[in-house]
Novice: 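Okay, here's the structure, questions in a sec.
Order of listing sets the numbers, starting from 1, for every ligand and every atom in it. If you're wondering where the values come from, they're calculated on a predicted model, not measured in any experiment. The basis for the numbers below is simple: all heavy atoms, side chains too, and nothing from hydrogens, waters or symmetry mates. Along the sequence shown, residues carry numbers from 1.
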Amino acid sequence: MLNLFGRRRKSASADGQNEAPQGELPRHVAIIMDGNGRWAHRRGLPRIAGHHAGMKTVREVIRACDDFGIPCLTLYAFSTENWKRPEGEVEYLMRLPEEFFRSEIDELVDRGVQVRFIGDTTKLPTHTQETVRRTLERTKTNDGMTVNFALNYGGRAEVVEAVRAVAREVAAGVLDADALDEDKFAIHLSTHGLPDPDLVIRTSGEVRLSNFLIWQAAYAELWFTDVLWPDFDRDQLRQALTEYTGRMRRFGGLK
Ligand code: V07
């Protein structure tokens, strides 16, 4: 059902499935989607089967965030380190954006989701870049939640790129080096226009940031789970959010 703004209304389902935890929700959730390979291995399946299952979780988590009213979600889909994986696996991963586009774009548009990308997409195969372009094109006028895919992303590389941009401004005489501050610096990051992540989630038991949003996550709450990414679902997300709102209540006003 469409509301006055032509957007689909969030329907409160009878089973409470769509209900967000009470309290101050994060404005931006960022997720390191780890454990696809291990999930597949445990089932005697090839790693790519894990990535495929992981893509279904991406769909479910976007739906859940939209239903809960989380305005922004960033997903670490491919890191600059991931090129070191076997060639066949990388090739498969580079097809996932197309597959996702094919099966999900209508629902994303219907929900008013705006898709963005961070990372150096110019180094991706042409067919992947083409999907990135089409996805941006199809969702650019949407005014619902933002889903930000990190593709060929590395936090340090992003910071270095921003430093380069600042250095160019200083060299060109448009910026006084002493006038540089955190806000003026952050303008040059690829997340410009998005709020900093309030909550970073990592699945599959690793307790590290692994070069993900290192500048932006400076004040983020961190939540780790042993659940493998393909097994992550709405209920785990709700758990993470419930813990987040609890922490906010306890530290209310002090942060
Ligand atoms: C990828 C599935 C999720 C688990 C982590 C790694 C594998 C969704 C996308 C995607 C990318 C662009 C886009 C829409 C969806 C994706 C890669 C890997 C490279 F516009 N999942 N997913 N891209 N995995």
Novice: Over all heavy atoms of both residues, which pair between T203 and M33 is shortest? Give the atoms and the distance, please.
Specialist: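 Shortest heavy-atom contact: OG1-C, 3.8 Å.
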
Novice: Of the backbone atoms (N, CA, C, O) and the side-chain heavy atoms from C-beta on, which set of L151 has a member under 4.0 Å from an atom of ligand 1: side chain, backbone, both, or neither?
Specialist: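 Side chain only; the backbone of L151 stays clear of ligand 1.
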
Novice: If you have a sec, work out which protein heavy atom is nearest atom 24 (N) of ligand 1 and how many Å separate them, to one decimal?
Specialist: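 Answer for atom 24 (N) of ligand 1: L96 CD1, 3.5 Å.
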
Novice: I need the nearest protein heavy-atom contact for atom 4 (C) of ligand 1: residue, atom name and distance, please.
Specialist: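 So the nearest neighbour among protein heavy atoms is N36 ND2, 3.5 Å.
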
Novice: Quick test of your reading of the structure: of W39, F149, F232, whose heavy atom lies closest to atom 9 (C) of ligand 1?
Specialist: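 Ranked by closest heavy atom to atom 9 (C) of ligand 1, first place is F149.
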
Novice: Are the side chain of T245 and the backbone N or O of E24 linked by a donor-acceptor pair below 3.5 Å?
Specialist: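 Not a single qualifying donor-acceptor pair exists.
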
Novice: So which heavy atom on H192 is nearest to which on A186, and how close?
Specialist: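 It is CB-O, 4.1 Å.
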
Novice: Any idea which part of F101 is under 4.0 Å from ligand 1, heavy-atom wise: side chain, backbone, both or neither?
Specialist: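 None of F101 does.
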
Novice: Would the distance check show the side chain of E158 and the main-chain N or O of L189 forming a donor-acceptor pair, the cut-off being under 3.5 Å?
Specialist: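 Pair absent, no side-chain N/O of E158 close to backbone of L189.
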
Novice: List every atom of ligand 1 that sits less than 4.0 Å from any heavy atom of V58, numbering the atoms from 1 in the order shown and giving each element.
Specialist: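 Counting from 1, the qualifying ligand atoms are 3 (C), 21 (N).
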
Novice: Hey, does the Lys NZ or Arg CZ of R234 hover above the aromatic six-ring of F68, less than 6.0 Å from the centre and inside 45° of the axis?
Specialist: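 The answer is yes; both the distance and angle limits are met.
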
Novice: Quick one: do R102 and E99 satisfy salt bridge (Lys or Arg N to Asp or Glu O under 4.0 Å)? Show the steps, please.
Specialist: CA-CA 5 Å; R102 219 178 306 121; E99 191 175 340; 5.7 Å; no

Novice: Please list the nearest protein heavy atom to atom 7 (C) of ligand 1 with its residue and the distance rounded to 0.1 Å.
Specialist: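 The protein heavy atom lying closest is L93 CD2, 3.5 Å.
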
Novice: Given R111, which of D106, T139, D67 fulfils the side-chain hydrogen bond (donor to acceptor under 3.5 Å, both in side chains) condition?
Specialist: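 Running side-chain hydrogen bond (donor to acceptor under 3.5 Å, both in side chains) over D106, T139, D67 with R111 returns exactly one hit, D67.
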
Novice: Mind running side chain to side chain contact (heavy atoms under 4.5 Å, CB included) on T74 and F149 for me, showing each step along the way?
Specialist: CA-CA 6 Å; T74 296; F149 285 100; over 6 Å; no

Novice: Tell me: protein heavy atom nearest atom 20 (F) of ligand 1, and distance?
Specialist: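 It is F117 CZ, 3.1 Å.
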
Novice: Which residue supplies the protein heavy atom nearest to atom 16 (C) of ligand 1, what is that atom called, and how far is it?
Specialist: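 Result: A77 CB, 3.9 Å.
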
Novice: Within the 4.0 Å heavy-atom shell around G54, which atoms of ligand 1 are there?
Specialist: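 By the 4.0 Å cutoff, the relevant atoms are 2 (C), 3 (C).
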
Novice: Could you tell me the residue and atom name of the protein heavy atom closest to atom 11 (C) of ligand 1, and the distance to it rounded to 0.1 Å?
Specialist: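 That would be P97 CG, 3.6 Å.
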
Novice: Suppose we measure from atom 14 (C) of ligand 1 to each protein heavy atom; which comes out shortest, and what is that distance?
Specialist: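 I find the closest protein heavy atom is F100 CD2, 3.3 Å.
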
